[in-house]
Amino acid sequence: MSGPRYHRTRRQDQRLVGFECQACGFVSFPDEKRICKRCGDAPAEFRDVDLASSGTIKTFVVQEYLPDDIEVPQPLAIIDIPQADGSGEPTRVYGLLTETELDEISVGCTVDVRFRELFDEGARPINSFKFSVPREDKR
Amino acid sequence: MTDAHVVGAGIIDFGEKYDWSFEDLLEGAYLDLVESVDYGIDPTNDIDGVWYGTLDIANEGSSGAAVAHATGLFETPATHIVNACATGSDAFRNAVQAIKAEDIDVALVIGAEKMLDSTEGLIGGAALERLWRGRGVTMPAFFGMRATRHMDQYDTTREQIAAVSVKNHENGTKYPHAHQQFECSVDDVKESSTVSYPLNLYDCCPVTDGACAVLVASDDRAREFTDAPVRVAGYGLSTDSFQRGDDLALTNFPASRHASSTAYERSGYGPDDIDVAEVHDCFSITELITYEDLGFCEQGEGGSHIDEGIPHLDGEQPINPSGGLLSKGHPIGATGVAQIAEIFEQLRGEAGDVQVPDAEVGMQHNIGIGRNATGAVSCVNILER
Ligand SMILES: [Zn+2]
């Protein structure tokens with residue numbers, strides 16, 4: 001697996017920073033773009049915003065058929081992560097749920113957002129965000 | 001400005017065509033078209049332009065010249081169109097635009113796909129690209145997410161979603177070119193193996209090879225080929241992304257709403273005027289949501305719509321009489337062209353065992369998803385007798 005270096009080195013890969021379009025309020029994450037994906041403003045003015053460390057599942061699936069090198073069953077969700085200070089709009093991302101069983105997740109439930117090593121590329125770790133049901137909610 | 005009219009259609013039986021090359025597929029569909037045009041066609045003299053739809057998953061075509069070689073239509077301008085799973089219907093739309101612009105008089109639209117010869121496959125592509133977006137958003141996952149949310153938000157039941165597959169498989173047993181010719185029950189769908197919860201194997205279209213061709217002509221030329229041309233009344237194309245923060249996109253396909261609105265406006269018809277439709281049912285949930293997106297029922301009422309039998313072959317507004325993608329198969333480049341061919345037959349009263357009585361206005365609809373699973377495209381064409 002050889003991905004471009006920017007997957008590893010971008011600032012937002014290290015912490016929960018989103019990018020809010022000043023024209024329409026759309027929050028881009030983890031991508032820092034120059035054109036807004038909602039209103040099409042080009043060039044758009046984006047402002048850095050801190051994101052909360054937990055989000056809400058909007059919908060999900062549990063994948064059973066994947067290439068051999070990916071573990072199944074694999075829960076996958078669309079998650080809205082609000083801004084840390086409660087203002088503005090949340091950002092919407094796809095995320096893998098780890099350490100999670102099917103009966104622990106539902107539309108509307110809260111999940112923790114964190115960064116961890118997804119896999120390593122040779123000696124260099126690739127970090128990405130992952131989601132999990134909070135420990136205290138586990139049955 | 002002239003209108004565009006469908007004046008002929010040719011198709012091969014869809015299925016597993018391991019021993020057919022890409023050229024064999026194109027030849028098959030083209031020959032069937034040439035042989036079936038009512039008053040005949042002089043191919044090299046009559047056809048002014050070719051639009052070729054394929055994603056070229058097997059890496060064989062990738063140019064309009066692939067059609068020229070397969071058909072002998074050399075020196076005819078031929079263009080390869082790619083637009084995700086809406087490739088075939090967008091190839092048709094492009095041909096219609098050229099005729100309406102009076103640039104040409106007669107167009108061949110041909111679509112083909114060898115799905116089974118793909119070395120990488122769509123699942124592999126989706127899983128290994130775009131890591132940070134959530135490693136491995138497959139097609140069934142992408143559509144399954146809408147199913148989960150639709151069930152949660154509108155109390156749509158698992159049985160209602162499965163009923164779409166049951167209907168289309170039943171229709172497919174009556175359609176001669178369908179890949180999968182078997183009936184199944186709601187329980188069969190629910191008990192088939194899980195692909196991506198909540199979708200099971202029988203909620204998913206099969207992997208199918210196929211090809212289809214249609215002939216399109218201007219006002220001046222249409223009656224040279226047939227006394228029963230089918231007029232293209234309107235069309236629309238639109239794009240969207242799951243990720244724009246639009247909550248409607250969690251349960252619906254906003255691109256389908258936009259594309260169909262455009263097609264309704266251009267044609268002067270509304271949802272109630274559509275007598276028969278061939279719509280995108282790559283997964284059972286896709287068709288159920290599409291009832292809502294195309295205005296055949298209200299938002300959130302897709303489940304009760306199928307419960308009431310409205311989209312059944314003997315219902316008030318039959319959807320996918322050919323068995324749809326779920327039974328007929330989904331050879332991507334051919335899919336939209338085959339839907340046009342089926343509507344053409346329906347409006348001419350030539351649809352055999354799946355004929356909808358007195359069909360006068362028909363619709364064809366595709367939706368497509370990009371490999372990174374964020375882009376969506378929708379293409380809608382409306383035809384009339
Ligand atoms: Zn914006």
Side-chain angles (χ1 to χ4, degrees), chain A residues 1 3 6-8 10 12-13 21 24-31 36-40 57-80 89-97 102 105-108 115 118-119 121 126-131, chain B residues 120-155 192-201 203-204 207 239-252 254 283 285 372-375:
Chain A
M1 176 77 51
Y6 66 79
H7 281 316
R8 298 194 305 277
R10 283 183 308 179
Q12 60 270 30
D13 281 356
C21 172
C24 74
F26 174 77
V27 181
S28 176
F29 171 77
D31 267 355
C36 180
K37 290 184 190 303
R38 181 194 292 158
C39 71
I57 290 183
K58 305 301 285 187
T59 189
F60 68 94
V61 293
V62 183
Q63 302 192 97
E64 298 281 354
Y65 281 116
L66 287 170
D68 290 345
D69 61 334
I70 299 178
E71 202 180 313
V72 291
Q74 184 203 73
L76 172 78
I78 287 181
I79 292 158
D80 277 4
E89 293 186 29
T91 188
R92 179 165 293 170
V93 296
Y94 293 101
L96 302 183
L97 293 155
L102 173 56
I105 53 177
S106 59
V107 172
F115 284 99
L118 196 63
F119 59 88
E121 182 189 276
I126 304 291
N127 296 311
S128 189
F129 54 91
K130 286 204 172 186
F131 301 88
Chain B
E120 187 183 35
L122 291 169
I123 286 182
L128 299 172
E129 292 174 16
R130 302 299 184 199
L131 301 165
W132 39 262
R133 255 182 206 147
R135 186 175 178 207
V137 187
T138 62
M139 298 291 162
F142 191 72
F143 287 91
M145 289 211 236
R146 260 121 178 169
T148 303
R149 181 77 193 194
H150 209 277
M151 290 192 287
D152 185 83
Q153 191 164 336
Y154 300 117
D155 294 328
S192 60
S193 57
T194 305
V195 172
S196 189
Y197 167 89
L199 299 180
N200 294 350
L201 186 61
D203 291 292
C204 309
V207 182
T239 60
D240 190 37
S241 164
F242 222 147
Q243 297 247 277
R244 297 163 76 200
D246 176 7
D247 280 345
L248 188 65
L250 295 169
T251 48
N252 299 85
F283 300 93
I285 184 63
N372 66 8
T374 61

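The sequence lines fix the lettering, A, B, ..., with proteins before strands; numbering per chain opens at 1. Values below: all heavy atoms of this structure, side chains included; hydrogens, waters and symmetry mates excluded.
Between Arg149(B) and Lys58(A) the shortest side-chain heavy-atom distance falls below 4.5 Å.
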Side chain to side chain contact (heavy atoms under 4.5 Å, CB included) assessment of Glu64(A) paired with Val195(B): CA-CA 5 Å; Glu64(A) 298 281 354; Val195(B) 172; 6.0 Å; no
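Of the two parts of Thr251(B), neither the backbone nor the side chain holds a non-hydrogen atom closer than 4.5 Å to a non-hydrogen atom of chain A. Using a 4.5 Å cut-off between heavy atoms, Asp247(B) contacts chain A through both its backbone and its side chain. For Phe60(A), the parts lying under 4.5 angstrom from a heavy atom of chain B are both the backbone and the side chain.
Distance alone, capped at 3.5 Å, places no donor-acceptor pair between the Thr148(B) side chain and the Thr59(A) backbone.
From Leu76(A), atom CG reaches atom CZ of Phe142(B) across 10.5 Å, with rounding to the nearest 0.5 Å. Considering CD of Gln243(B) and CZ of Phe26(A), their distance stands at 7.0 Å, rounded to 0.5 Å.
Under the 3.5 Å distance criterion, with hydrogens and angles disregarded, a donor-acceptor pair is assigned to the side chains of Thr138(B) and Gln63(A).
The two residues Pro198(B) and Val61(A) have their closest heavy-atom pair at CD-CG1, 4.2 Å. Scanning all heavy atoms of the two residues, the minimum distance from Tyr65(A) to Ser193(B) falls at OH-OG, 3.8 Å. Residues Arg38(A) and Arg244(B) approach most closely at NE-O, 3.0 Å, considering heavy atoms.
Classified by interplanar angle (parallel below 30°, tilted 30° to 60°, perpendicular above 60°), the ring pair Phe242(B)/Tyr94(A) is perpendicular.
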